[in-house]
Structure formats: C-alpha cells, structure tokens
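Notes to accompany the following structure.
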Amino acid sequence: MELLLESVLVSGKVNRRSLGIYIDNDLEVVRVKVTSDLKEELQQKAKELDKRNIEELLLYAAQKIIRQTRQANKTGLPFIYIMK
C-alpha cells in the first residue's frame, strides 16, 4: 500500500505510523488578506484555469513565477510575467 501511494504522490512523503499511514505534503501555510473584490476575481480566475480553489490557483501562480524567474536568470533575458 505504501509503495502504491508513493507512486502516485506528486510531492511529499509517505510515512508509516503505528496507527496507519501519514502523508506529509511538504506544503507550508502562507496567509494573505485581500479585498472582497480581489477574492471574487481570484475565484473566477481559478474556475477559468480549472483550479479547485483560490489556494490551488495561488500555488500554481507562485510556482509559475518562480520557474519563469529562474529561466530568465539562466538566459539573461528580461523577465516578463504573463498569467494565461
């Protein structure tokens, strides 16, 4: 069972415990306060991009920005972020 879980896990670790199996997702909490208008826009954008919720959208956006920044740093080209 543990090997099966590890084979489909995108990130994190599967740990066997005395009372079962614990899946550690390696994710940390980041809190941000936004206006209600921005929250509505984020919810709409999440739907447009087939994300389940705002948290998934923000994780996607942050990962994309970091990837693009790293790539721009490697190439020496200017960094321009466009979210599609």
- Heavy-atom pair of closest approach, residues Leu57 and Leu42: CD2-O, 3.3 Å
- Which pair of heavy atoms, one from Ala46 and one from Ile54, lies closest together, and at what distance? CB-N, 4.5 Å
- Message: Suppose the criterion is side-chain hydrogen bond (donor to acceptor under 3.5 Å, both in side chains): which pairs have a residue in residues 46-57, not counting sequence neighbours?
- Response: Arg52-Glu56
- Query: If you group Ile, Leu, Val, Met, Phe, Trp and Tyr by side-chain heavy-atom gaps below 4.5 Å, do Val30 and Tyr60 land in one group?
  - Reply: no
- Note on the structure: To the nearest 0.5 Å, atom CG of Leu38 lies from atom CD of Gln43 at 10.0 Å
- Query: Which pairs pass salt bridge (Lys or Arg N to Asp or Glu O under 4.0 Å) with one or both residues in residues 28-39, sequence neighbours excluded?
  - Reply: none
